[in-house]
There are 2 protein chains.
Amino acid sequence: MRFIDNPFQCPVTRTMSIIGGKWKPIILNCIADKTIRFGKLNQLMPAISNKVLSKELKDLETLGLIERMEYDELPPRVEYKLTAAGLSLMPVLMEVANWGNSHFAKSIVS
Amino acid sequence: MRFIDNPFQCPVTRTMSIIGGKWKPIILNCIADKTIRFGKLNQLMPAISNKVLSKELKDLETLGLIERMEYDELPPRVEYKLTAAGLSLMPVLMEVANWGNSHFAKSIVS
DNA sequence: CAGTATCCCAAAGGATACTG
DNA sequence: CAGTATCCTTTGGGATACTG
């Protein structure tokens with residue numbers, strides 16, 4: 001129980017540091033089982049700023065949850081997709097979503 | 001898929017706003033199936049400041065995840081325990097922890 | 001098209017001292 | 001004992017303009 005001294009040794013906290021941000025779960029959900037381009041992601045999430053989207057994608061790549069594929073074309077093309085690790089997160093996100101739905105269903109706008 | 005415009009309509013994001021903080025999952029875990037006093041929690045988590053602990057507890061109470069019981073004694077005694085909703089979160093936290101353990105096991109100090 | 005660069009703001013969290 | 005009050009630093013995120 002050492003994480004009581006240092007929360008970042010707690011597996012929950014470490015996972016949260018990955019998916020706990022405002023946009024990361026949504027980005028993962030937008031990628032899902034597709035390969036998708038930067039611009040398409042931006043279009044799916046009009047409220048995210050350019051800077052934040054690119055930073056989040058970098059984070060996710062560094063964590064090994066998504067793969068970035070750059071094609072040598074003009075205009076440039078970059079595609080993202082989930083890695084096996086990224087895919088393995090999806091069921092966890094579903095559990096989290098299920099809890100959110102069953103306990104705060106009133107405020108949902110679908 | 002409206003949450004793409006407003007992440008707080010996303011059930012994952014809403015759940016994260018509850019358990020995504022630095023301390024809330026740890027607090028819930030420290031309470032677990034016990035009733036526990038403020039001072040005891042502070043002692044279990046020496047790294048959390050007084051102010052933050054009391055704020056987090058208030059948040060969790062407002063959310064209906066814990067119950068606060070105040071006894072009219074001197075010195076004062078206050079005890080906290082999980083509500084049914086709070087308990088229902090524990091399996092979700094376990095899933096999250098399991099993922100964290102299986103994907104980042106190297107950095108764990110137990 | 002897929003980003004950077006720059007500047008800015010709000011919110012989270014922390015340290016310390018104090019109180020009914 | 002169980003908190004408040006005050007002040008401060010850090011972090012996350014956003015707006016906008018620019019570029020290879």
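For the numbers below, each heavy atom of this structure counts, side chains included, while hydrogens, waters and symmetry mates do not. Per chain, numbering begins at 1; letters A, B, ... match sequence-line order.
T35(B) places no side-chain N or O within 3.5 Å of a backbone atom of Y80(B) that could act as its donor or acceptor partner.
Atom CD in E73(A) sits roughly 13 Å away from atom C1' in dA2(C) (whole-Å rounding). The CD1 atom of I48(A) sits 9 Å away from the C1' atom of dG13(D) (whole-angstrom rounding). The interatomic distance linking L41(A) (CG) with dG3(C) (P) rounds to 10 Å, in whole Å. Across the protein-nucleic acid pair, E61(A) atom CD and dA2(C) atom P stand 15 Å apart, rounded to whole Å. Taking atom CD1 on I36(B) and atom P on dG3(D), their separation rounds to 13 Å, with Å as the unit. Atom CE of M45(A) and atom P of dG13(D) are 13 Å apart (whole Å). We find that CG of N42(B) is positioned 14 Å from C1' of dT16(C), with the value rounded to whole Å. Atom P of nucleotide dG3(C) and atom CG of D72(A) are separated by 14 Å, given to the nearest angstrom.
The phosphate of dG13(D) (OP1 or OP2) has no side-chain N or O of K24(A) nearer than 4.0 angstrom. Taking 4.0 angstrom as the limit, W23(B) places a side-chain polar atom (N or O) nearer than this to OP1 or OP2 of dG14(C). Under 4.0 angstrom from either OP1 or OP2 of dC1(D) there lies no side-chain N or O belonging to R37(B). Considering only side-chain N and O atoms, K58(B) lies under 4.0 angstrom from the phosphate OP1 or OP2 of dT4(D). For dT16(C), neither phosphate oxygen OP1 nor OP2 lies less than 4.0 angstrom from any side-chain nitrogen or oxygen of S49(B). Residue R77(A) places no side-chain N or O under 4.0 Å from the OP1 or OP2 atom of dG3(C).
Note on E56(B) versus K58(B): no salt bridge recorded, every NZ/NE/NH1/NH2 to OD/OE distance being 4.0 Å or above. With respect to E79(B) and K81(B), no salt bridge is recorded, no charged nitrogen being found less than 4.0 Å from a carboxylate O.
Between the side chain of K22(A) and the base of dG13(D), no donor-acceptor pair under 3.5 Å is found.
Residues L41(B) and L57(B) form a side-chain contact, since some pair of their non-hydrogen atoms from C-beta on lies under 4.5 Å apart. Taking the side chain as every heavy atom from C-beta outward, R14(A) and M16(A) never approach each other to under 4.5 Å. Taking 4.5 Å as the limit, every side-chain heavy atom of N98(B) sits out of range of all side-chain heavy atoms of V92(A).
Summarising the geometry, atom CG belonging to L89(B) is positioned 4.0 Å from atom CH2 belonging to W99(A); distances are rounded to the nearest 0.5 Å. Distance check: I27(A) CD1 to I19(A) CD1 gives 13.0 Å after rounding to the nearest 0.5 Å.
Residue-level contact check: Y71(A) touches neither bases nor backbone, having no heavy atom under 4.0 Å from any strand.
Toward the 5' end of DNA chain D, the nearer of the two residues P76(A) and K55(A), judged by each one's closest nucleotide, is K55(A). Mapping V78(A) and K51(A) onto DNA chain C via the closest heavy atom, the residue that lands nearer the 5' end is V78(A).
Axis deviation across the helix from dC1(C)-dG20(D) to dG20(C)-dC1(D) amounts to 50°, comparing end segments of five pairs, rounded to 10 degrees.
Here the nucleotide nearest the side chain of E56(B), chosen from dG13(C), dG14(D), dC1(D), is dG13(C).
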